[in-house]
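To keep things clear, I will list the structure first and then write my remarks on it.
Chain A is the first sequence line, chain B the second, and so forth, proteins listed ahead of strands; every chain is numbered from 1. Computed from a prediction, not measured in an experiment: that's the story for all the values here. As a basis for the values below, the full set of heavy atoms in this structure was taken, side chains included, without hydrogen atoms, waters or symmetry mates.
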Protein chains: 2
Amino acid sequence: MTGTPDLRARLRARGLRVTPQRELVLSAVQRLGHASPEAICTEVRRTAAGVNISTIYRTLDLLEELGLVRHAHLGPGAPTYHAADEHAHLHLVCHVCGTVAEAEVALAEQLVGRVLAVHGFEPDVEHMAIAGRCAQCRER
Amino acid sequence: MTGTPDLRARLRARGLRVTPQRELVLSAVQRLGHASPEAICTEVRRTAAGVNISTIYRTLDLLEELGLVRHAHLGPGAPTYHAADEHAHLHLVCHVCGTVAEAEVALAEQLVGRVLAVHGFEPDVEHMAIAGRCAQCRER
DNA sequence: CTTACTGCAAATATTTTGCATTTGG
DNA sequence: CCAAATGCAAAATATTTGCAGTAAG
């Protein structure tokens with residue numbers, strides 16, 4: 001019920017340090033919603049100038065290990081990071097126009113159940129991007 | 001009913017040229033089943049030495065445009081190419097051990113229908129990789 | 001012959017790594 | 001103080017592009 005999980009607590013629980021960079025990266029991810037490492041870096045630098053891109057990458061990995069952020073692959077290249085406390089959602093990526101829409105995970109209910117039953121494989125729906133053609137691009 | 005669609009015919013229909021490289025790349029993709037551009041390059045070179053990696057990339061793009069090959073993103077980095085005439089399948093990628101399994105597209109039936117109904121978005125199941133944990137990794 | 005295609009090398013883009021310096025606790 | 005974290009620059013990876021020479025039709 002605490003809304004945002006506590007960065008400080010999780011770091012201390014592991015004997016890791018609370019640094020301004022870590023707080024800045026987490027808050028940038030929360031503010032941006034969905035973003036690439038590059039975009040997160042730009043956002044962080046609006047507040048603190050010198051932060052290095054390699055610190056962004058290391059920090060995102062760490063935050064993901066701590067369960068505070070998650071990433072999804074929406075296509076080639078740029079992974080997208082978002083706060084872990086956001087409600088889970090599917091990503092619909094149009095491979096014509098490139099737009100990304102979100103959809104309820106409930107839509108994948110049967111898929112998840114069947115894949116688990118048939119293959120013993122437990123799908124991670126939050127991480128899964130679905131490619132296809134969006135409504136607008138289908139009309140043409 | 002022709003089994004493999006005809007490369008030559010499709011190239012000529014567009015006024016493009018039939019080159020040994022194009023034939024080699026297509027046959028390598030058909031032989032390998034699933035492969036990254038790098039792996040395809042290696043396979044092609046077993047037959048013809050000097051073929052350049054940039055030709056592989058250019059040729060794969062072309063073959064995809066012609067509808068002879070398809071690619072799927074199974075994770076970060078390497079896209080995987082396969083012949084377009086193979087039967088469609090889903091990819092199950094374990095993000096613990098990295099193994100890739102195939103699953104019937106029928107498992108995604110409801111997902112496809114619902115996403116189309118609710119969002120007007122037409123999922124491309126062949127292109128969609130599903131991340132998760134495989135049976136073996138779940139047991140631990 | 002004409003120009004599409006290829007090989008090559010260099011440019012991009014993205015992420016990772018080694019190491020010296022800084023800094024949280 | 002001291003190990004952990006950062007900044008920086010270089011390396012590693014993956015893909016793209018410009019251009020001059022080659023070859024398909």
Side-chain angles (χ1 to χ4, degrees), chain A residues 6-26 28-29 34-45 47-66 68-69 71-81 95 98, chain B residues 6-26 28-29 34-45 47-66 68-69 71-81 95 98:
Chain A
D6 191 4
L7 173 60
R8 301 185 159 223
R10 301 210 186 186
L11 286 172
R12 285 184 186 137
R14 295 219 198 178
L16 300 175
R17 296 178 181 172
V18 178
T19 66
Q21 289 89 339
R22 288 172 178 175
E23 294 180 320
L24 286 166
V25 169
L26 179 56
V29 170
H34 282 94
S36 66
E38 197 60 54
I40 292 164
C41 188
T42 302
E43 176 68 13
V44 166
R45 283 178 176 163
T47 305
V51 183
N52 195 275
I53 185 72
S54 63
T55 298
I56 303 289
Y57 278 101
R58 287 186 283 226
T59 302
L60 286 170
D61 282 351
L62 174 62
L63 293 178
E64 191 152 30
E65 244 186 77
L66 296 178
L68 297 172
V69 307
H71 78 275
H73 296 282
L74 305 187
T80 296
Y81 287 81
H95 54 39
Chain B
D6 192 1
L7 174 59
R8 302 185 158 224
R10 300 209 188 187
L11 287 172
R12 286 184 186 136
R14 294 219 199 178
L16 300 175
R17 295 178 183 173
V18 179
T19 67
Q21 289 89 338
R22 288 173 178 174
E23 293 180 321
L24 285 166
V25 170
L26 178 57
V29 170
H34 281 96
S36 65
E38 197 59 53
I40 292 164
C41 188
T42 302
E43 177 68 14
V44 167
R45 284 177 177 164
T47 305
V51 182
N52 195 273
I53 184 72
S54 65
T55 299
I56 304 289
Y57 279 102
R58 286 186 284 225
T59 303
L60 286 171
D61 281 351
L62 174 63
L63 293 178
E64 191 151 30
E65 244 185 78
L66 296 178
L68 297 172
V69 307
H71 78 275
H73 297 283
L74 305 186
T80 296
Y81 286 81
H95 53 40

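Rounded to the nearest 0.5 Å, atoms CG (B:L63) and CD1 (B:I56) are 10.0 Å apart. Rounding to the nearest 0.5 angstrom, the gap separating the CD1 atom in A:I40 from the CZ atom in A:R45 is 12.5 Å. The CG atom of B:L7 sits 9.5 Å away from the CZ atom of B:R12 when rounded to the nearest 0.5 Å. The line from CZ of B:R14 to CG of B:L66 is 5.0 Å long, rounded to the nearest 0.5 Å. The CD atom of B:E43 lies 10.0 Å from the CG atom of B:L24; values are rounded to the nearest 0.5 Å. Here B:L62 contributes atom CG and B:L11 contributes atom CG; the two are 6.0 Å apart, rounded to the nearest 0.5 Å.
The nearest whole Å value for the distance from the CD atom in B:Q21 to the C1' atom in C:dA4 is 12 Å. In this structure, the CD1 atom of A:I40 is 14 Å from the C1' atom of C:dT15, given to the nearest Å. B:L11 places its CG atom 8 Å from the P atom of C:dC5, with the value rounded to the nearest Å. One interatomic measurement links the two molecules: CD1 of A:I56 to P of C:dT14, which rounds to 15 Å at whole-angstrom precision. Look at CD on B:E23: it is 14 Å from C1' on C:dC5, rounded to the nearest Å. Distance CG (B:L60) to P (C:dT6): 12 Å, rounded to an integer number of Å.
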Check: Would A:R10 and A:E65 count as a salt bridge (Lys or Arg N to Asp or Glu O under 4.0 Å) if you check the C-alpha gap in whole Å, the side-chain angles of each, and the deciding distance to 0.1 Å?
Finding: CA-CA 10 Å; A:R10 301 210 186 186; A:E65 244 186 77; over 6 Å; no

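Taken over five-pair windows at either terminus, the axes of the helix from C:dC1-D:dG25 to C:dG25-D:dC1 are inclined to one another by 30° (rounded to 10 degrees).
What you find for B:P79 and B:P37 is that their closest heavy atoms are O-CD, 3.6 Å. Here the shortest heavy-atom pairing between B:V44 and B:A28 reads CG2-CB, 3.8 Å.
Among the protein residues, A:G15 comes within range of no part of the nucleic acid, since none of its heavy atoms lies under 4.0 Å from any strand. Within the nucleic acid shown, A:E38 has no heavy atom closer than 4.0 Å to any nucleic acid atom.
For the pair B:T59 (side chain) and B:T55 (backbone), a donor-acceptor distance under 3.5 Å is present. No donor-acceptor pair under 3.5 Å is formed between the side chain of B:E23 and the backbone N or O of B:V18.
Of the two residues contacting DNA chain C, namely B:L62 and A:Y57, the nearest-nucleotide position lying further toward the 5' end is that of B:L62.
Mapping heavy-atom proximity under 4.0 Å, the span of DNA chain D touched by chain A runs 5' to 3' from D:dA3 to D:dC8.
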Next item on the list: Quick one, give me the B/S/- string for nucleotides 17-25 of chain C, reading 5' to 3', where B means a protein heavy atom under 4.0 Å from the base and S means that only happens at the primed atoms, P, OP1 or OP2.
Entry: BB----BBS

